[in-house]
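Working notes, beginning with the structure itself.
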Amino acid sequence: MSIQSTPKQSWWNRIAHPGQFVAWSAPWLWPLAVLTALLFAMGLWLAFIDSPQDYQMGHTVRIMYVHVPNAWLSQFVYGVMALSALGTLVWRHPMADVSMKAAAPLGALFTALALFTGALWGRPTWGTFWEWDGRMTSTLVLLFIYLGIIALWRAFDDQLRAARIVAVFTLVGAINIPIIKFSVDWWSTLHQPASVFRADGPRMPPSILAPLFVMFAAFTLLFLALHLKSMHTEIKRRRIATLQRKAAQGHTA
Amino acid sequence: MIELGPHAAFIIWAYLGVALAVAGLVGWTLLDARRTARKLALLETRRARK
């Protein structure tokens with residue numbers, strides 16, 4: 001039976017069965033890709049043409065439209081991985097570790113981009129590319145955690161065994177997410193406190209919030225599309241490993 | 001040309017860096033997907049012949 005031709009099952013099995021998962025989620029890829037491209041085009045237009053400069057930061061505020069979505073994704077992707085880790089350890093869900101493995105390189109890149117754009121925003125506004133303060137240091141630690149997780153996946157031939165170890169490591173590393181979030185409140189820092197997601201509402205005018213939210217949506221959909229595609233690839237990679245193992249054992253089943 | 005003020009270089013490098021990284025990520029994801037799909041198709045064809 002091919003990976004594309006497994007029989008129809010209940011909705012739970014459709015999520016849990018790798019072949020069924022590929023079959024029902026593949027049609028979402030193109031619409032997701034097109035919507036992502038449209039949102040990026042709209043976001044860039046708003047960011048460069050239809051938004052004002054900031055009264056303090058001037059035009060450098062435009063770096064925020066790529067910095068904040070990447071910073072958000074660096075933590076959101078880790079949240080997805082932590083949920084998937086629970087899925088692996090608690091429910092033994094077959095797709096949970098596929099999701100966890102596919103998300104790690106994406107999270108690492110978004111975290112690296114958050115640090116890169118933050119450094120380029122910091123130099124003209126704070127006078128320095130880098131400062132060892134709570135927010136920046138904890139985000140750098142997050143990047144190292146992502147790289148550690150990618151290395152752990154590669155250290156094991158048996159991916160099912162790797163999944164449990166990586167899941168434990170991922171859940172332990174999740175303690176860094178609230179540290180990143182509250183670092184600006186707990187410690188003295190150059191980084192500004194939360195100004196978008198606040199109990200009393202955003203502190204920014206709509207002309208700056210609009211491009212920011214469109215770019216948020218564009219980057220989040222980009223992650224969802226790439227995550228889905230990477231999960232499909234990982235499912236196929238595991239099918240290859242199974243076929244090669246069977247061939248090596250002399251089976252043809 | 002859009003006026004970006006005295007710190008234009010920082011803005012341009014930030015967007016250029018993100019664009020290159022995202023393009024690289026998309027390219028790598030698609031290339032990896034294509035390579036893996038081709039390998040799986042080859043293995044399943046060989047298996048079907050047996």
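Basis for what follows: all heavy atoms, side chains included, without hydrogens, waters or symmetry-related copies. Protein chains get the first letters and strands the later ones, always in sequence-line order, with residue 1 at the start of each.
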How many angstroms lie between atom [atom1] of [X] and atom [atom2] of [Y], to the nearest 0.5 angstrom?
{"X": "A:K236", "Y": "B:D32", "atom1": "NZ", "atom2": "CG", "result": "11.0 Å"}
{"X": "B:L40", "Y": "A:I235", "atom1": "CG", "atom2": "CD1", "result": "11.5 Å"}
{"X": "B:R35", "Y": "A:R237", "atom1": "CZ", "atom2": "CZ", "result": "8.0 Å"}
{"X": "A:T117", "Y": "B:I11", "atom1": "OG1", "atom2": "CD1", "result": "13.0 Å"}
{"X": "B:L20", "Y": "A:L113", "atom1": "CG", "atom2": "CG", "result": "10.0 Å"}
{"X": "A:H227", "Y": "B:T29", "atom1": "NE2", "atom2": "OG1", "result": "11.0 Å"}

What pair of heavy atoms forms the shortest contact from [X] to [Y], and how long is it?
{"X": "B:A21", "Y": "A:L109", "result": "O-CD2, 3.9 Å"}
{"X": "B:E3", "Y": "A:H59", "result": "O-CE1, 3.1 Å"}
{"X": "A:K229", "Y": "B:L30", "result": "CE-CD2, 4.2 Å"}

Please check if the number of heavy atoms outside [X] that lie under 6.0 Å from its [atom1] is greater than 12.
{"X": "A:M42", "atom1": "CE", "result": "no"}
{"X": "B:W13", "atom1": "CH2", "result": "no"}
{"X": "A:W28", "atom1": "CH2", "result": "no"}
{"X": "A:D157", "atom1": "CG", "result": "no"}

Segment of [X] engaging chain B (4.5 angstrom heavy-atom cut-off):
{"X": "A:F116", "answer": "side chain"}
{"X": "A:I240", "answer": "both"}
{"X": "A:F129", "answer": "side chain"}
{"X": "A:A47", "answer": "side chain"}
{"X": "A:L226", "answer": "both"}

Per-residue contact mode, B:L42 against chain A (heavy atom under 4.5 angstrom): neither
Minimum side-chain heavy-atom gap A:T125-B:H7 below 4.5 Å: no
Validation row: B:V18, A:F219 side chains within 4.5 angstrom (heavy atoms): yes
Heavy-atom donor-acceptor pair, B:Y15 side chain to A:L44 backbone, under 3.5 Å: no
